[in-house]
Protein chains: 2
Amino acid sequence: MLRRAVDIADAAGVEALTMRRLADELGVEAMSLYHHVRGKGGILDGAVELVLDELAAAADASAVPPEDGGWRAAVRARLVAARTVMLRHPWAPDVMAARSVMTVGAARHVDAVVGLMRAGGLSYDLVHHGLHALGSRMFGFSPEIAEPDAGDEQGAEALAGMAELVPHLAAMLAEVAHDGATTLGWCDDQTEFEFGLDLVLDGLDRLARGSSAAD
Amino acid sequence: MLRRAVDIADAAGVEALTMRRLADELGVEAMSLYHHVRGKGGILDGAVELVLDELAAAADASAVPPEDGGWRAAVRARLVAARTVMLRHPWAPDVMAARSVMTVGAARHVDAVVGLMRAGGLSYDLVHHGLHALGSRMFGFSPEIAEPDAGDEQGAEALAGMAELVPHLAAMLAEVAHDGATTLGWCDDQTEFEFGLDLVLDGLDRLARGSSAAD
DNA sequence: ACCTGAACACCGTTCAAGT
DNA sequence: ACCTGAACACCGTTCAAGT
């Protein structure tokens with residue numbers, strides 16, 4: 001049943017994951033669902049939990065022993081693995097953010113990251129700051145809030161109308177769009193994810209080594 | 001009318017911002033609204049735009065001349081100012097993320113940040129990566145996805161049940177909760193926002209100076 | 001041009017009734 | 001224990017009708 005909920009959200013988006021539709025696909029009446037879960041929230045939580053099981057499996061499969069490259073490489077490998085799972089379920093981070101309940105699956109993932117960082121010698125305090133700094137990257141997602149590039153045709157068109165209003169932005173996009181023609185488009189999300197991830201991990205590493213004196 | 005929409009969302013949350021309620025508070029029928037905006041989306045976009053006007057005013061008011069402390073301080077001041085506005089309208093970042101349309105207000109804010117970074121000598125390419133790395137921090141918000149601390153009573157209780165399941169996380173929270181007793185609680189959101197912001201800005205600054213050879 | 005009432009096609013959920 | 005039909009209180013939106 002939760003499996004089916006995940007399939008619906010994957011195929012048609014969370015907004016299509018409705019009690020009536022889920023019941024329909026299970027060949028049952030909508031009200032029957034209430035005998036097995038605590039309302040719609042229970043279904044969303046359960047679906048997220050299933051995705052987090054996938055995440056745990058993927059993270060284990062691609063785990064890097066902390067000896068090879070230190071905690072930084074180990075955390076990086078885990079979060080990049082998390083991303084491959086979340087890309088299959090792009091609605092999951094949104095649901096997790098909307099329903100801010102700490103499920104066991106989420107707690108275990110965070111726990112694993114904390115463990116890797118501690119093994120690398122970071123203080124609990126620094127680890128704690130680090131979790132906040134990672135934000136949604138912790139679950140393989142960077143928040144693409146109001147991304148200035150969006151759809152190619154509509155984005156370019158809207159930008160043309162704003163060119164004199166936002167000169168710096170227009171100039172940046174013109175240059176980046178040109179250079180990026182060799183890659184996947186204006187923005188390579190995977191590249192940007194890894195860039196931001198490395199920036200945070202490098203910063204934490206530097207703080208852990210107490211290299212602020214080197215500034 | 002958009003002003004009233006912002007007030008409703010501030011006071012009762014976005015989910016309370018409904019066509020019927022907005023019309024009611026304006027002493028008019030719900031269907032009249034469709035003669036002035038393009039459906040509910042238009043109202044959400046308009047409300048966000050109003051918030052972004054506030055943001056622009058706050059950013060201008062607390063602007064730091066680039067000469068004093070460089071681009072880093074200037075960008076920091078602008079994003080911290082953005083945060084004070086968004087804290088008054090916590091629904092705004094969510095709405096912006098949900099409706100991924102680049103409004104003029106959002107574009108102008110991003111443009112200003114790009115301008116400050118460029119004035120600091122950063123390449124368009126590095127600026128572009130930087131925008132992605134900043135993510136929602138660009139608009140004063142760090143994504144508190146599945147925050148492990150949440151409500152004090154419920155969080156502590158849930159954590160007790162998970163203590164043996166997530167040992168590292170439990171140990172971290174136990175220590176951080178203890179130390180943090182002197183401040184505002186387990187997590188000081190403002191502190192965490194500034195920590196993450198500085199981590200990203202420092203990282204960009206380092207890359208701009210080409211100090212990777214110093215590693 | 002602007003507003004209105006009734007209606008449509010949806011939601012999540014309650015509740016009494018069936019087996 | 002599990003399922004069901006009808007109903008309730010909502011949504012956003014369409015549409016013909018009013019002024």
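So you know, we letter chains A, B, ... as the sequences are listed, proteins then strands, and number each from 1.
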Indicate the atoms forming the closest heavy-atom contact of A:Asp111 with B:Leu165, along with that distance. OD2-O, 4.3 Å
Parallel, tilted or perpendicular: which one describes the rings of B:Phe195 and A:His129, with boundaries at 30° and 60°? parallel
Looking only at heavy atoms, which two atoms of B:Ala81 and B:Ala58 are closest? And how far apart? CB-O, 3.9 Å
Classify the nucleic acid contact of B:Met19 as base, sugar-phosphate or nothing, counting any heavy atom under 4.0 Å across all strands shown. sugar-phosphate
A:Leu169 to B:Ala107 - nearest heavy-atom pair and separation: CD2-O, 3.7 Å
Nearest-nucleotide comparison on DNA chain D, the residue closer to the 5′ end among A:Arg20 and A:Glu29: A:Glu29
5'-to-3' dot-bracket of DNA chain D (Watson-Crick, G-U; under 3.5 angstrom; crossing pairs as [ ]; | other strand): ||.|||||...|||||.||
For the residue pair A:Arg72 and A:Asp202, establish whether any side-chain heavy-atom pair is separated by less than 4.5 Å. yes
Would you list the atom pairs, donor with acceptor, under 3.5 Å between side chains in residues 10-30 of chain A and any protein atom, with sequence neighbours excluded?
{"residue": "A:Asp10", "atom": "OD1", "partner": "A:His89", "partner atom": "ND1", "Å": "2.8"}
{"residue": "A:Asp10", "atom": "OD1", "partner": "A:Trp91", "partner atom": "NE1", "Å": "2.7"}
{"residue": "A:Asp10", "atom": "OD2", "partner": "A:His89", "partner atom": "ND1", "Å": "2.9"}
{"residue": "A:Arg21", "atom": "NE", "partner": "A:Glu25", "partner atom": "OE2", "Å": "3.3"}
{"residue": "A:Glu25", "atom": "OE1", "partner": "A:Arg4", "partner atom": "NE", "Å": "3.3"}

Under the rule for side-chain hydrogen bond (donor to acceptor under 3.5 Å, both in side chains), what residues qualify as partners of B:Arg76, not counting sequence neighbours? B:Glu194, B:Asp198
Describe the nucleic acid contact of B:Ser32 in one word from base, sugar-phosphate, nothing, applying a heavy-atom distance below 4.0 Å. base
If you apply the rule side-chain contact (heavy atoms from CB on, under 4.5 Å), what do you find for B:Met117 with B:Val113, and how did you get there? CA-CA 6 Å; B:Met117 288 181 169; B:Val113 173; 4.0 Å; yes
Residues of residues 33-46 of chain B with any non-hydrogen atom less than 4.0 angstrom from an atom of DNA chain C: list those, numerically ordered, please. B:His35, B:His36
What one should report as the nearest heavy-atom pair of B:Ala133 and A:Arg137 is O-NH2, 2.8 Å
Using chain B heavy atoms and a threshold of under 4.0 Å, write down where along DNA chain D the contacts begin and end, 5' to 3'. D:dC11 to D:dT14
Please enumerate all residues that pass salt bridge (Lys or Arg N to Asp or Glu O under 4.0 Å) together with A:Asp45, with sequence neighbours excluded. A:Arg99
